[in-house]
Amino acid sequence: MSHRFQRPDRRQIIKGVGAAALAAGIAKPHIVRAQSDTVRFGHLTPLTGFLGPLGEYAQMGVQLAVEEINAGGGVNGKQIELLMEDSVNPATASTKAERYIERDNVACIVGEISSASGLAISQVADRNKVLFVNTGCNSDALRGANCNRYMFHVEACNSQYVKGVGRNFLRNGLIDGKKIYFLTADYAYGHDLSRVGKNFVTEHNGEVAWEDLVPTDATDFSGYILKIRQARPDLIISNLAGNQITNFVKQYAEYGLDFPYGGFGFDTGVAWGAGKGNFGGEWPVIWHHLLDTPGTKAFVEAFTAKYGKPPENQAWGDYVATKILAQAMNETGSTETDALLEFLEGQKELDILKGRPGYFRDWDHQLIQEMYTMTAKPLDEVQDEWDLMVLGAPVPAADEDLTVIAPTREENACSFAS
Amino acid sequence: MAHALSEEPSPVPIELVFILEQLTNGLLVGVYYLLIALGLSLIFSLGGIVNLAHGGFYAIGAYVMVTVADRLGYPAAFVISPIAVALIGIVVERVFFRKFYRLDPALGLLLTFGIAMVIEQVLRMAFGATPRPFSIPEFLRGQVFVGDFIYSRYRLAILGVAVAAVAGLWYLLQRTPFGRIVRAGIQDPDMVGALGISLKPYLTAVAALGIGLAGLAGGIMAPITGVHPAMGNEILIAAFVVVVIGGLGSFWGVVLAALLVGAVRGLTVYFFPPAAEASMYLLMFLVLLLRPRGLFGERIARLE
């Protein structure tokens, strides 16, 4: 070793202490001031791992919403201060939610994509009586067995996805009396989706004749595709998640099989990742940037101006959830949980940038809303890397009740008894 | 309606041809592992560095492929991406690896783990976390039918590239003066030094070769797998398992292990898909139980 460890001299120590004191002195009044004239929103979402791509859009969505709300005067005359963190996993999500509430004194928590982390956050919210608005967790159980008073769901549940796209499969004669092949992500979300999907298929006289559970770290689907070719199913259903969908869609196109296929769960971002000429099949989607409504047009324009690309459906979820919370605060003139809860439970019609307004159902706090389906756009009409899909008509149709695709009390019982 | 629905999904009919098809497909999948595993094995054998950043270089290869192909077309990108990654490999070897050859292997592990994280995060910052769209080039699209078996034309092309790369590497290591010194260096670096030969340029060349192979693998996998910042993690562990099963320092051991892992995975997909990715660990367990140095693992004096 050429250099010796040097002990810091007295002057350096004094400098260090002085700097620390100065930093603390600057930081402290900032926090005190922040508490008095801003309203804090705590945002959590996974930024790494196989849900990371969606988490990135979630953060973009919530940032844009807060910017717009603040530019319009904030909530009750106060600016919103947005705190954002990577939720990582259920244990970390729980710790960070706890810290948001106890240290940062947030008015509400928004976000999450993983159902397991969402459950952890909802338990913290319940204990501390702070609202948590879920923007990306699909599991039905979160609205049923694990529901709680302080959690609201902007994200649609698996039932809404399955019934949304399932009615199209049914109409196209792909379910009644048919044999169906399930590819299911081998973890909680995939299992829940598969359960709901099987109920739908059997209810409509179809048969799930094959099901392969696919490990979440699988990247090569050729073996599964060969099995499908050997089995000759009438329909292939993907209950896959995240990057699995990208890989499956790419490789299914590679083998050029012509069995009809589609999925019960979906996010637009992973299909964009498959690329031109690879995307195919029919899929459910909660929102799409080509939706022809004034709200969506304004959102897409603002988003594209800020980030240089159109918003993915996850960005919509976090954007809309934040806007709804701000609306609740402004209309009640309060940031108190009880007042907000009462407002949201009032089943008030909310603008969610779709053709029909949505509302939170009072007994399970699910946002009751339109869903859509999408199919591949013919190759010669594709304009850019985000223009791969054609959006179908809204489900349910305009003359139907919005709840026909939502789970019934019998299917997914929830009680807020505390 | 008297349509009886069976409760249990009926299994795919088990026929020998189907199993055979899975088996050959599995071998093909094994070839992808091979390209990564060979470089990993080479770098470890000569320099003693367990390169946890190897998956990161695989990801860089894929991103270079996507970026260059968008501008100059697939053939140009196919040539440029492995070379670009190999050049990055040279820089990394000169700046970082070199300082760690003589140190505790645990330090090299920490170093390469850090590099892996930096690569992933840089890719995320530069390209975003969402997968980048990329497709098989038009002239390689389509399927080839052999009897009743179906093969993707693109995968057959990959097979050709991989076989050529492996054959070239074998020739380089076994039939050239360069290879003789590298092999001598693996066995006894001090003796090579005593003979007046500096291993330094060879260490650099081997790192460039190994990392370049990872870049090549990333580039050719880009059209059929999701191109995203963490894609390297997906393949790195499999490559390690292949190296361990094959045995350190053994060229053919790694080749055989890669094919074996692919074949076992193919059969597991057929018979019990939930264990498809776990099958290789069971295989590793069994091989190590019977042959603790791996299939063809050589006795390397300085590692004992």
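In what follows, every chain begins at residue 1, and chains take the letters A, B, ... in the order their sequences are listed.
Between chain B and the residues A:T48, A:N278, A:L47, the most heavy-atom pairs under 4.5 angstrom are made by A:N278. Most heavy-atom pairs under 4.5 Å with chain B, from the set A:G52, A:A253, A:G277: that is A:G277. Each of A:D220, A:D212, A:V270, A:I245 has some count of heavy-atom pairs under 4.5 Å with chain B, and the biggest count is that of A:D220. In terms of heavy-atom pairs under 4.5 Å with chain A, the best-connected choice from B:Q22, B:R153, B:E234, B:E120 is B:Q22. For the set A:I225, A:D217, A:L388, A:T246, the count of heavy-atom pairs under 4.5 angstrom toward chain B peaks at A:D217.
Contacts between A:L257 and chain B at a heavy-atom distance below 4.5 Å involve the side chain alone, from C-beta outward. Of the atoms belonging to A:D186, it is side-chain heavy atoms, and not backbone ones, that fall under 4.5 Å from chain B. Interface residue B:D148: backbone and side-chain heavy atoms are both found under 4.5 Å from chain A. Only the backbone of A:A274 comes within contact range of chain B, judged by heavy atoms closer than 4.5 Å. If you measure heavy-atom distances from A:N243 to chain B, the contacts under 4.5 Å come from the side chain alone. Contacts of B:E277 with chain A are made by both backbone and side-chain atoms, with heavy-atom separations under 4.5 Å. Contacts of B:R132 with chain A are made by both backbone and side-chain atoms, with heavy-atom separations under 4.5 Å.
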Let's go through A:W272 and B:T130 carefully: what are the C-alpha distance in whole Å and the side-chain angles of both, what is the deciding distance for side-chain contact (heavy atoms from CB on, under 4.5 Å) to 0.1 Å, and is it a yes or a no?
CA-CA 9 Å; A:W272 284 338; B:T130 31; 5.9 Å; no
Test log, rule side-chain contact (heavy atoms from CB on, under 4.5 Å), inputs B:I235 and A:T219:
CA-CA 9 Å; B:I235 193 115; A:T219 54; 5.9 Å; no
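Taking both residues in full, the closest heavy atoms of B:P131 and A:G269 are given as CG-O, 4.3 Å, listed atom of the first, atom of the second, then distance. The minimum heavy-atom distance linking A:Y255 with B:N25 is given by the pair OH-OD1, 3.7 Å. Counting all heavy atoms, side chain and backbone alike, A:S222 lies closest to B:V29 at OG-CG2, 3.9 Å.
Between A:L213 and B:P273 the shortest side-chain heavy-atom distance does not fall below 4.5 Å. Side-chain contact between A:P215 and B:P274: absent, with no pair of heavy atoms (C-beta onward) separated by less than 4.5 Å. Between A:K276 and B:F134, every side-chain heavy-atom pair lies at or beyond the 4.5 Å cut-off. B:V17 is not listed as a side-chain neighbour of A:Q230, based on a closest heavy-atom distance of 4.5 Å or more.
In terms of modelled atom types and a separation under 3.5 Å, the side chain of A:K227 and the main chain of B:Y270 share a donor-acceptor contact.
Residues in residues 50-63 of chain A take part in no side chain to side chain donor-acceptor pair (under 3.5 Å) pair, two or more places apart or across chains. Note on residues 303-312 of chain A: pairs passing side chain to side chain donor-acceptor pair (under 3.5 Å), not counting sequence neighbours, are A:E67-A:K306.
Applying the 6.0 Å contact sphere to CZ of B:F285 captures no more than 12 heavy atoms from other residues, nucleotides or ligands.
Contact residues of residues 219-228 of chain B toward chain A are B:A222, B:P223, B:I224, B:T225, B:G226, B:V227, B:H228 (heavy-atom distance under 4.5 Å).
With rounding to the nearest 0.5 angstrom, the CD atom of A:Q251 is 9.0 Å from the OG atom of B:S152.
Every residue was checked against the ring pair (Phe, Tyr, Trp, His ring centres under 6.0 Å) condition with B:Y281, not counting sequence neighbours, and none meets it.
Using a 4.0 Å cut-off between charged side-chain N and carboxylate O, A:E254 and B:R155 make a salt bridge.
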